[in-house]
Structure formats: structure tokens, C-alpha cells
Amino acid sequence: MFEEAQTSITTQIQSYCAENEIPLTETINWQPIPFSGEWGMTTSFFQIAAQEARSGKKMVVPQRAQEIAAAVAAHLGTPPGFTHVEAVRGYLNLYFDSADFSRKIVDTVLAQGVDFGRGALKNEQVMVEYSQPNTHKSFHVGHLRSAILGDALSRILDFAGYDVIRANYPGDMGLHVIKWLWNYLKFHRGEKPEKDITKWMGDMYVEANRHLEENPELEKEIREVYARWDRRDPEIVALWEETRQWSLDGFNQMYAELDIPFDIYYFNSQMEEPGKAIVKALVEREIALDERPEGPVLVKLDELLGNKQEKYRVLVILRSDGTALYSTEDLALTLKKFADYPALKRSIYVVDVRQSLHFTQVWKTMEIAGYEEPKHCHHIPYEIVNLPGNVVMASREGTIVLLEDLLREARQRALEVVEEKNPELSVDTKKNVANAVGLGALRFPMLARDNAKTVTFDWESALDFNGQAAPYIQYAHVRANSILRRATGEKFSDVATPSHELDPSEVQLIDLISRLPAEVQRAADEYKTLQITNHAYDLAKAFNDFYRNCPVIQAEPDVRNFRLCLVDAARHSMANMLKLLGIQAPEVM
RNA sequence: GCCCGCGUAGCUCAAUGGAUAGAGCGCCUGACUUCGAAUCAGUAGGUUGGGGGUUCGAGUCCCUCCGCGGGCACCA
């Protein structure tokens, strides 16, 4: 937020170094000053000193760094906008005029409101594909991570200034669907789900697998159903269309509850034929090997690339019976996205880490075939959600926690807490608060964790609203709201330069607010929601610290006015961060 | 066997190659006649899995070993 000051000082340092024959580094990197309790920016001279040392001069690097820092400090004096400058252990620290900059930041936040932190338009279209639920199966907590992560990344990219297309890619065809249809035709013909559609669909899938395990010779019948699907047998197609819709209805209900939207849906089934066409072309060009009917169609990647050591291995792109695989469909989908959106610059896949090799293989195959699209495709891998004891959630094993159950429990638990903490709220309000808190508590732990770290689900911590969790941030927001409510009708939006000496907690809070826009950009650049959860928590913590140390309503008029503005700025900051996470910021709780 | 990821306080996790590795939970001790105690203050807890290396500086980068998880020809 203080680019001008940084640029100006940077220029001065560079010219000073040039005049005194001190070698320059390419850029001067500014950071906040740690441990100071004050507010400023810092840079170090170790690199420059090390460069001198390498050029032959004899010196002790840290000592020389301190010499340069001191010389630069003396040269700079105290530039406008700063209160003092110091050279410490090789670092040059410049302290801002706190009052001046406080005013500037608070002013900016109040002027921008809900848009505070929004990045400049990048004129770059980005597609984020996430969720990819399988129809004819249950939707469990493991599936939730992709949905929540993809949703939050979409919000962050949008806020950072990108034009985001949200895509879903349900698995509506494949071996699992065929098994389901077979089981339905054989044992449940004519039945319809009454309620809990997704659970019912999942139970039917588990049953299908059980029948197959008990009688492996039934595999033949499965192949038969697949063949009927492949020649588009009307009965199979009609049944598939109807039952598929049951699943999709169930998913839509959950997406609505979770406030997770999509702009476009792609389906496995739509990619079968275009995928097969690509396979055919790959065979004709001798990139793929057609071993049918004895074997499948495959691409020997390492052989094609001349790799001595196995790296890309072999990718099977069509079954020996000619039916499509996930890989067949992904070949087509890669192209389809760019065909649908000609302005698309990046295509992002939020898919779990176990599929890393798969995407590498698909895109490498397409690169060999000369396609440009894979260069703009990025897999954002995330680790899966396990149950305690490192138990993988698997529909077939029945080792799952259903999303429906989790949603219900979280809301119920949140409602109990609201009843206890704030019994005088209206029934409707309590319900809304329980919803905001319950859902927020589910989202936060999935986002407040590096993508590469496994999430272990257990009921106790999932329903724990204490500590580093969404309710902590929501509560800080409620407190800010509460103060502002007491000042309704007062005009406090004109930020004056604070006349009082700022409390360290005020400096800290303002500092964190000022960093918000940069955090958004970094989260977008690195595809890391963790940046946002960390910063949101730090903001809330700083606000609580401020809340304890700095009276607002009872302060003298000037101080009161500034602090009311600061509270409002903090409220906006916290609300904006929560919004990026898809977590509601209630007025009361 | 080959490839990828992870290993930080008792537990769950943070930490642009920078100054003193931080939070939460749990334990113990305190704070509501004071803007909302879903809060806050304090105590205790670390050879960042082991060993080398690069660097002025390594939890972070490189090598190696150990442990855990995952992926490797017709599941998605």
C-alpha cells in the first residue's frame, strides 16, 4: 500500500550505492519490521556485502552489511513520512509516521468497503474445475474438500482480479454407473427414492458391489450392460437418464446449502465420443498403439520420449472392448474447455493428489500430439480426507461420513451453543446463526491447511468451535459490529489523523489490515487458501487484542472518532476475508 | 523396484532463504458492576526425523539415510 514510499527510498539507496561504488543487487526487497511493536519497513545489505566479498575484498560479511546499512541510514536522514531510521545488525529499518499512515489505511478501507482488498482487473480468464462428484454414489466428507477448496480458490481468484469460470465435472458414466444400473435392473426395477436421495443412491452402489463380490461370475452381466450402453440401447439410456438426474438433484441441494455455485457443467458421458475420436487420431498417427481385441489402446510414453528410466509410464486410453475410460474423456475435456471459452488463459483442475500421474500422462500425450492446450492446464493436487487410524473414506467399504449427516450434526451442535450463549435471540436468528457457525466450522479446517496435508476427520474436532476456527473470527466480527451499533446515527466516517499516541495493538491491527490486499494476491498466485485463513485469524486476534486494550465508546471525542473508524475498517476486513472463504459473517451470534 | 508427498512443542498445525521457530488444543493459575467471557492474561512445553553440503544466513535449497502415506497397463 506504500509503493510510492518504497520506490522513492529504493531509488535513493540505489543512487547512493552507485555514487559510492557499492555493487547493487537487482532489486531491494522490503519487508515489515519484526519485533518492533512499531510500524515500518526493512531491508538488509547482506547480499550486497556478500557480493563485495566475492569480488575479492577481504571482509566479514555481517560487519560490512552493518557498515553499509549505517552509511545508507546516515545518507537518508529522516525522509518525509517517516519518524526515524536505524541500522541494526545489517538491516536498515525505516519507521513510518504512524498517525499519517493509519489515517491513510483506514480511509482507504472505508472508501472501498466490501471491495477493500480487491485486485485490479487482470483481463485474464481462468477456469477452475472442482467437485467432480460421481453420480450413483454417495457424497461424503472426502468429496467435500475439493468442493470447498475449489469454491474458495474461485472466490480468491475472482477477488484478486481474474475472470473466473467455475466448472463441475460429474462422473455420470463409467464402471460404477454400469454396476449400479445392473443392480437396479436385476433387483430393484421400478423403485424410486423417497427422501435422502444421495444416501439411497450410495446404498444401492454398495449393494451392487456386494453382489459382485459374492458372485464374481456376474462380471459377464456387467460387461453386457456396458455393451448395451455403448450401442445406446434405449432402455439403458432412459434408465440412466432418469437415475442420473436423481443424483444430480441431490448434489444440487447440497451445493445450494453450502453456497457453492457453478457456471458450467461438463459430464463424463459427453466426453466419450469426442474422446474416442481423439484416440482414433492418435492411433492413426502412431502415437497410440491399438492392441485390440487382445489388449487395450495405449500410449507408451517413456518409449515415445526415449526415456531410459520409467517416468511417464504407459497410459491406457481405451478399453479392449472399445468402451471409454476416464483418460479417454479427459483427453476430450482438455480441448473442450478451451473451445467453449476462446479467451481462456488457464485451466485449473482441483483434484486429489492420487491423480497426479494421470494428469501428467494425459497432458504429456497431448503435447506429443502437438496440442497447445496442455501448456495452460494446471493440476492443483490436494491430499485426501481420512478417518482416524489412516482409514481412507471409500463408498464401497462403507467407511464414510455422509455429508448430510455432518451438516445436520454441525448445525445442531451450533444451535445448542447459541442457545447457551445467547438465549434471548429470536428463534429465526438463532437458526441463522447456527447455520453460519456450523457451516463455517466445517469449511475452515479444510481451508486452514496446506493443500499437501492430509485432513483427518473426527467428529469431536469437526464440531469443536473453539480456538483457531471460524467462530473465533466470526465472534470478533460480531464484537466490532456491536461497538458500531452503539454509535449508529453518529457520523464517524470522516477519518481524521489520530491525535493520540497509537496503542501498539492499534498499530498491529492497522498493519494487518494494510497487508490484506497483498495476501489476496499471494493466495491467488499460489493457489493457497491457507494464506487467507491465516490472515483472517491474525486479524481477528489483533482485533480482540485491540478490543481489550482500547476503549472506543468511552474514549475522548477525537480518539473515539478515530477508533470507530478503525473498528469499521477491521469489520470490513474480517468480513471480506470470511467471504473469500465462503464463510458467513453474522451480525450477532 | 521406480516416482511423488509428508516428518516442526504431548496433540493438530503455522512460519517469501533473513533478526528471537509461532498459534490453537490439552495441563495448571487468574480476569465478567467495565464497548458481548464463543473473549483475554499468565505458566510450562523445541538438538525443526538423523547425517552431510550450498550460503553472509537453512525448518525452508541440494545430497544421503530412516519413518509414514500415496501412485505406478484396460477404477475414477
Side-chain angles (χ1 to χ4, degrees), chain A residues 29 31 33-35 42-47 49-51 53-54 59-65 88-91 93 132 134 137 171 174-176 268 291-292 295-300 309-321 323 325-330 351-358 360-361 381 383-384 386 390 392 414 417-418 420-422 437 445 448-450 452-454 456 461 464-469 471-472 474-476 478-487 522 526 530 533-534 537-538 541 544-545 547-555 563 567 588-589:
Chain A
N29 189 18
Q31 295 174 331
I33 305 172
F35 320 119
T42 184
T43 192
S44 68
F45 292 90
F46 296 110
Q47 285 179 350
Q51 208 168 315
R54 273 193 295 274
M59 61 185 65
V60 181
V61 170
Q63 201 178 325
R64 175 59 181 157
V88 184
R89 303 175 63 184
Y91 292 86
N93 298 333
Q132 308 104 344
N134 284 323
K137 277 194 185 183
L175 207 51
H176 69 284
N268 279 138
E291 298 183 341
R292 288 178 296 171
V297 180
L298 47 80
V299 182
K300 294 187 172 176
Q309 219 180 29
E310 54 180 0
K311 182 175 179 188
Y312 296 104
R313 301 167 189 277
V314 172
L315 177 65
V316 175
I317 54 177
L318 200 67
R319 287 197 187 89
S320 48
D321 64 4
T323 55
L325 288 157
Y326 185 53
S327 54
T328 320
E329 292 146 9
D330 253 344
V351 181
D352 82 64
V353 67
R354 295 173 299 187
Q355 293 185 40
S356 293
L357 178 61
H358 164 79
T360 307
Q361 290 178 321
E383 262 294 353
I384 58 173
N386 277 341
N390 218 4
V392 178
V417 178
V418 188
E420 179 200 325
K421 305 276 185 191
N422 223 340
V437 171
R449 182 183 245 63
D450 197 280
K453 294 269 173 69
T454 309
T456 302
S461 52
D464 185 0
F465 302 150
N466 297 314
Q468 272 175 339
Y472 179 89
Q474 291 169 317
Y475 184 67
V478 164
R479 277 179 148 184
N481 239 308
S482 185
I483 292 177
L484 295 172
R485 252 199 321 273
R486 288 173 171 268
R522 205 179 141 200
E526 299 178 4
L530 182 60
T533 54
N534 278 354
Y537 178 79
D538 289 345
K541 194 167 173 55
N544 278 329
D545 195 34
Y547 184 92
R548 191 180 71 87
N549 290 315
C550 302
V552 177
I553 299 297
Q554 287 151 13
R563 284 183 177 165
V567 170
V588 295
M589 65 188 272

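Spacing between atom CZ of A:Arg485 and atom C1' of B:rC35 amounts to 11 Å, rounded to whole angstrom units. Per the geometry, CD1 belonging to A:Ile483 stands 16 Å off P belonging to B:rU39, to the nearest Å. Rounded to whole Å, atom P of B:rC40 lies 11 Å from atom CD of A:Gln468. Between A:Ile33 atom CD1 and B:rU16 atom P the separation is 19 Å, expressed in whole Å. In this structure, A:Tyr312 atom OH and B:rC3 atom P are separated by 13 Å, rounded to whole Å. Note: CG (A:Asn29) to P (B:rG57) measures 19 Å, nearest angstrom. Straight-line distance from the OH atom of A:Tyr472 to the P atom of B:rA37: 13 Å, rounded to whole Å. Atom pair A:Asn549:CG and B:rA41:C1' shows a separation of 10 Å (rounding to whole Å applied).
B:rG7 sits 15 Å from B:rA14 when the C1' atoms are compared, rounded to a whole Å. Taking atom P in both B:rC4 and B:rG46, the straight-line distance is 35 Å, to the nearest Å.
Figure legend. B:rG1 is base-paired to B:rC72; pairs are counted as Watson-Crick or G-U wobble with both atom distances under 3.5 Å. Of all nucleotides present, only B:rG10 satisfies the Watson-Crick or G-U wobble test against B:rC25, with each distance under 3.5 Å. B:rA37 is unpaired under the Watson-Crick or G-U wobble criterion, no partner having all donor-acceptor distances under 3.5 Å. Base-pair partner of B:rU60: not found among the strands shown (Watson-Crick or G-U wobble, both distances under 3.5 Å). In this structure, B:rG46 forms no base pair with any nucleotide, since neither Watson-Crick nor G-U wobble geometry is met with both distances under 3.5 Å.
Using a 4.0 Å heavy-atom cutoff across all strands shown, A:Asp538 reaches no nucleic acid atom at all. As judged by a 4.0 angstrom heavy-atom cut-off over every strand, A:Arg522 is placed among residues touching the sugar-phosphate backbone only. Residue-level contact check: A:Val418 touches the bases, meaning some heavy atom is under 4.0 Å from a base atom. Within 4.0 Å of A:Asn93, counting heavy atoms only, lies at least one base atom of the nucleic acid. Across all strands shown, A:Val478 has heavy atoms under 4.0 Å from base atoms, whether or not it also approaches the sugar-phosphate. Among the atoms of the strands shown, base atoms are found under 4.0 Å from some heavy atom of A:Gln47. As judged by a 4.0 angstrom heavy-atom cut-off over every strand, A:Arg292 is placed among residues making no nucleic acid contact.
No side-chain donor-acceptor contact under 3.5 Å links A:Arg292 to the backbone of A:Val297. A donor-acceptor distance shorter than 3.5 angstrom exists from the side chain of A:Thr328 to the backbone of A:Ile317, with no hydrogens or angles considered.
Here the side chain of A:Asp545 is nearest to one of B:rA15, B:rA41, B:rG36, namely B:rA41. Nearest nucleotide to the A:Ser482 side chain, out of B:rA19, B:rC35, B:rG5: B:rC35. Minimum atom distance to the side chain of A:Asn534 is reached by B:rA15, of the listed B:rA38, B:rA15, B:rC35. The nucleotide whose nearest atom lies closest to any side-chain atom of A:Asn544 is, among B:rC3, B:rA19, B:rU39, B:rU39. Distances from the side chain of A:Thr42 to the nucleotides B:rC35, B:rG36, B:rA19 place B:rA19 closest.
Between A:Thr42 and A:Asn93, the side chains place a donor N or O and an acceptor N or O closer than 3.5 Å (distance only, hydrogens not considered). For the residue pair A:Asn534/A:Asp538, the side-chain donor-acceptor check at 3.5 Å is not satisfied.
An OP1 or OP2 oxygen of B:rC3 is reached within less than 4.0 angstrom by no side-chain nitrogen or oxygen of A:Lys311. Close to B:rU12, at under 4.0 Å from its OP1 or OP2, lies no side-chain N or O of A:Lys453.
The nearest heavy atom of RNA chain B to A:Asp464 and to A:Pro471 marks one nucleotide each, and the one closer to the 5' end goes with A:Asp464. Place A:Arg89 and A:Gln31 on RNA chain B by their nearest nucleotides, and A:Gln31 ends up nearer the 5' end.
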Protein heavy-atom contacts under 4.0 Å, written 5' to 3' over nucleotides 26-34 of chain B as B (base), S (sugar-phosphate only) or - (none), form the string --------S

Once base and sugar-phosphate atoms are separated, protein heavy atoms under 4.0 Å mark nucleotides 66-76 of chain B, 5' to 3', with B, S and - as ---SSBBBBSB

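A:Phe46 qualifies as a stacking partner of the B:rG18 base, centre to centre under 5.5 Å and near-parallel within 30°. By the 5.5 Å and 30° criteria, A:Tyr91 is stacked with the base of B:rA19.
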Give the C-alpha distance, both sets of side-chain angles, the deciding distance and a yes or no for side-chain contact (heavy atoms from CB on, under 4.5 Å) between A:Val392 and A:Arg354. CA-CA 12 Å; A:Val392 178; A:Arg354 295 173 299 187; 4.0 Å; yes

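Taking 4.0 Å as the cut-off between side-chain N and carboxylate O, A:Asp321 and A:Arg319 do not count as a salt-bridged pair.
Ring-plane geometry between A:His358 and A:Tyr326 is classed as parallel, the angle between the planes falling under 30 degrees on a 0 to 90 degree scale with a further cut at 60.
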